[in-house]
Engineer: 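Have a look at this one before I ask anything.
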Amino acid sequence: VIVPVELGARRYEVLVGDGVRHELAATLAAEVPGAGRAAIVTQAGIGVEVDPGMPAEVFTVPDGEGAKSLPVVEDLCRKFAVFGLSRSDVVVAVGGGVVTDLAGFAAASFHRGTAYVNVATPLLGQVDAAIGGKTGVNLPEGKNLAGAFHQPRLVVADLDTLDTLPLRELAAGMAEVVKYGIIADPALFRSLRTGDVSDLGAIVRRCVEIKAEVVADDERETTGRRATLNFGHTLGHAIENAGGYGKLLHGEAISIGMRAAAHLSHKKVGLSLDAVHEIEATLAAQGLPLHAPDLDRAKIGQALKLDKKGANQWVLAPEIGRTVLTGDVTAGDVEALLDLVSTPPAS
Ligand SMILES: NC(=O)c1ccc[n+]([C@@H]2O[C@H](COP(=O)([O-])OP(=O)(O)OC[C@H]3O[C@@H](n4cnc5c(N)ncnc54)[C@H](O)[C@@H]3O)[C@@H](O)[C@H]2O)c1
């Protein structure tokens with residue numbers, strides 16, 4: 001299946017299906033016709049080999065959120081230079097959000113903008129991180145604080161690569177899937193309630209369609225439409241950052257953030273309590289955490305202030321499938337949410 005991201009001159013396609021990574025060489029030749037060599041950026045543990053159909057060298061970056069840093073970007077760019085990568089060549093990112101955010105930012109910076117393509121290997125990458133052109137790294141002060149919009153020329157979501165994904169990573173990806181259901185697709189949301197993900201192909205395809213549509217509508221997050229993708233992310237990012245990268249996976253922190261956003265939606269915009277409980281039950285059915293003990297409130301407060309999306313912009317859902325943005329969230333509201341997510345829901 002091919003899902004286009006309609007961005008005019010920057011239009012590109014997302015290939016979704018079993019074995020589609022084997023189409024990389026042919027598609028690259030068509031999408032980046034001037035490229036004579038490829039810099040493949042990946043991690044040691046991923047183990048997905050690709051053939052870009054041209055001379056290539058593999059550059060590995062360390063595993064984990066901590067690798068999403070400026071020193072790693074510098075290291076990559078210097079290695080690209082030694083390899084002789086020119087502005088008309090191509091960077092091929094093979095991995096999850098850490099790899100595609102890093103390689104995309106390195107490509108955005110190298111020669112002031114070199115083409116790149118993403119071969120997304122975990123669920124979270126396929127449904128979210130690899131699509132949309134947000135690239136960047138973390139600073140000690142907060143998540144994704146340095147980055148650039150730089151659209152890939154092609155995204156490959158080969159469902160076969162999900163076979164080797166650890167279950168915990170699969171669940172983390174399902175957090176973003178649940179998010180798409182909440183913000184845009186009540187039928188998708190309801191289908192996730194049992195925790196059965198045997199038709200992962202259909203799930204990936206639907207999420208890619210939603211992301212592609214939202215990005216095409218609001219590429220640079222200026223109208224508020226793209227911001228709706230951040231449901232659960234305002235507090236989720238702060239928890240992820242304050243916990244120290246490596247403790248909670250991105251998707252796990254987002255799960256906790258979505259529980260908080262659901263309760264806040266009940267309080268502020270009338271989301272029914274039944275829907276709040278459905279959200280909690282669905283996240284739990286997907287094996288995701290709903291609380292984190294020992295939250296460092298001072299650090300979370302600091303991280304909220306530095307979140308580039310603005311501490312005061314929250315995505316809320318008046319009902320499943322619809323969102324609103326609000327700035328009407330007080331320090332007291334945040335305190336109450338932190339109380340809430342310190343303990344599991346009463347069953
Ligand atoms: N740019 C965006 O729009 C966007 C959107 C969402 C998330 N993100 C970012 O993405 C990051 C999280 O991404 P992630 O969850 O993909 O994490 P990740 O990149 O750390 O990948 C998860 C883990 O799975 C391993 N892995 C990946 N594919 C595998 C496979 N097929 N088989 C076995 N192991 C495999 C990786 O080596 C890694 O250890 C965060 O930094 C987040 O901020 C970016």
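The basis for the numbers below is simple: all heavy atoms, side chains too, and nothing from hydrogens, waters or symmetry mates. In listed order, ligands and their atoms are each counted from 1. Owing to the predicted nature of the structure, the values given are computational and were not obtained by experimental measurement.
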Engineer: Can you list the atoms of ligand 1 that are under 4.0 Å from a heavy atom of Gly96?
Structural biologist: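 Within the 4.0 Å cut-off of Gly96, ligand 1 contributes 16 (O), 19 (O).
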Engineer: Salt-bridged, Arg226 to Asp218, with N to O below 4.0 Å?
Structural biologist: no
Engineer: Which residue supplies the protein heavy atom nearest to atom 9 (C) of ligand 1, what is that atom called, and how far is it?
Structural biologist: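 Ranked first by proximity to atom 9 (C) of ligand 1 is Asp101 OD2, 3.5 Å.
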Engineer: Just checking, any donor-acceptor pair under 3.5 angstrom between side chains of Asp196 and Ser198?
Structural biologist: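 Yes, Ser198 and Asp196 have a side-chain donor paired with an acceptor closer than 3.5 Å.
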Engineer: Near Thr164, which atoms of ligand 1 are under 4.0 Å from a heavy atom of that residue?
Structural biologist: 30 (C), 31 (N), 32 (N), 33 (C)
Engineer: Checking the N or O distance criterion of under 3.5 Å, is ligand 1 in contact with Arg226?
Structural biologist: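 The answer is no, given that Arg226 and ligand 1 share no N or O pair closer than 3.5 Å.
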Engineer: What are the atoms of ligand 1, with element, lying closer than 4.0 Å to any heavy atom of Lys211?
Structural biologist: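 Listed by number with element: 3 (O).
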Engineer: Among all protein heavy atoms in this structure, tell me which lies nearest to atom 39 (O) of ligand 1, with the distance rounded to 0.1 Å.
Structural biologist: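 Of the protein heavy atoms, Asp63 OD1, 2.8 Å lies nearest.
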Engineer: At their closest point, which heavy atom of Val20 faces which heavy atom of Leu15, and how far apart are they?
Structural biologist: CG2-O, 3.8 Å
Engineer: Give the residue, atom name and distance (to 0.1 Å) of the protein heavy atom nearest atom 40 (C) of ligand 1.
Structural biologist: Glu65 OE1, 3.2 Å
Engineer: Give the residue and atom name of whichever protein heavy atom lies nearest to atom 14 (P) of ligand 1, and the separation in Å to one decimal.
Structural biologist: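 Scanning the protein heavy atoms, the shortest distance from atom 14 (P) of ligand 1 goes to Gly97 N, 3.6 Å.
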Engineer: Measuring from the heavy atoms of Glu252, does anything fall under 4.0 Å of ligand 1?
Structural biologist: no
Engineer: Nearest non-hydrogen atom to atom 20 (O) of ligand 1 belongs to which of Val215, Val98, Asn138?
Structural biologist: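 That would be Val98.
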Engineer: Side chains of Thr330 and Asp333: any donor to acceptor distance under 3.5 Å?
Structural biologist: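 Indeed, the side chains of Asp333 and Thr330 share at least one donor-acceptor pair under 3.5 Å.
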Engineer: CZ of Arg78: more than 12 outside heavy atoms within 6.0 angstrom?
Structural biologist: no
Engineer: For Arg190, is there an ion pair with Glu278 - N to carboxylate O distance below 4.0 angstrom?
Structural biologist: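 So Glu278 does not pair with Arg190 through a salt bridge.
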Engineer: So which protein heavy atom does atom 22 (C) of ligand 1 come closest to, and at what separation?
Structural biologist: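 It is Glu169 OE1, 3.2 Å.
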Engineer: Which of the atoms in ligand 1, numbered in the order shown and given with their element, are less than 4.0 Å from a heavy-atom of Asp128?
Structural biologist: 5 (C), 6 (C)
Engineer: Would you mind listing which atoms of ligand 1 come within a distance below 4.0 Å of any non-hydrogen atom of Lys68?
Structural biologist: 9 (C), 40 (C), 41 (O), 42 (C), 43 (O)
Engineer: Considering all heavy atoms of both residues, which atom of Val208 and which atom of Gln126 are nearest to each other, and what is their separation?
Structural biologist: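 What the structure gives for the nearest pair is CG2-O, 3.4 Å.
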Engineer: Is it true that Lys247 and Glu240 make a salt bridge, defined as a side-chain N closer than 4.0 Å to a carboxylate O?
Structural biologist: no
Engineer: Could you check atom 31 (N) of ligand 1 against the protein and tell me its nearest heavy-atom contact, residue, atom and distance included?
Structural biologist: Thr161 O, 2.9 Å
Engineer: Ring pair (Phe, Tyr, Trp, His ring centres under 6.0 Å), that's the test. Do His250 and His233 meet it? Break it down for me.
Structural biologist: CA-CA 10 Å; His250 175 72; His233 284 54; 5.7 Å; yes
Engineer: Compute whether any side-chain donor of one residue and acceptor of the other, for Asn230 and Lys179, lie under 3.5 angstrom apart.
Structural biologist: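 No, no side-chain donor-acceptor contact under 3.5 Å.
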Engineer: Check ligand 1 against Lys143 and write out every atom of the ligand that is under 4.0 Å from a heavy-atom position of the residue.
Structural biologist: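 Checking each atom against Lys143, I get 40 (C), 41 (O), 42 (C), 43 (O).
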Engineer: Give me the residue, atom name and distance of the protein heavy atom closest to atom 27 (C) of ligand 1.
Structural biologist: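 Among all protein heavy atoms, the one nearest atom 27 (C) of ligand 1 is Thr121 OG1, 3.4 Å.
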Engineer: Are any of the side-chain nitrogens in Arg153 or Glu31 under 4.0 Å away from the carboxylate oxygens of its partner?
Structural biologist: no
Engineer: Determine, for Glu219 against Arg10, whether the closest basic-nitrogen to carboxylate-oxygen distance falls under 4.0 angstrom.
Structural biologist: yes
Engineer: Between Gly136, Pro122, Pro166, flag the one that comes closest to atom 34 (N) of ligand 1 by a heavy atom.
Structural biologist: Pro166
Engineer: Does the residue His237 have a heavy-atom contact with ligand 1, meaning some pair of atoms that are separated by less than 4.0 Å?
Structural biologist: no
Engineer: Can you find a protein heavy atom closer to atom 25 (C) of ligand 1 than 4.0 Å?
Structural biologist: no
Engineer: For atom 29 (C) of ligand 1, what is the closest protein heavy atom, and at what distance to 0.1 Å?
Structural biologist: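 Ranked first by proximity to atom 29 (C) of ligand 1 is Leu165 CD1, 3.5 Å.
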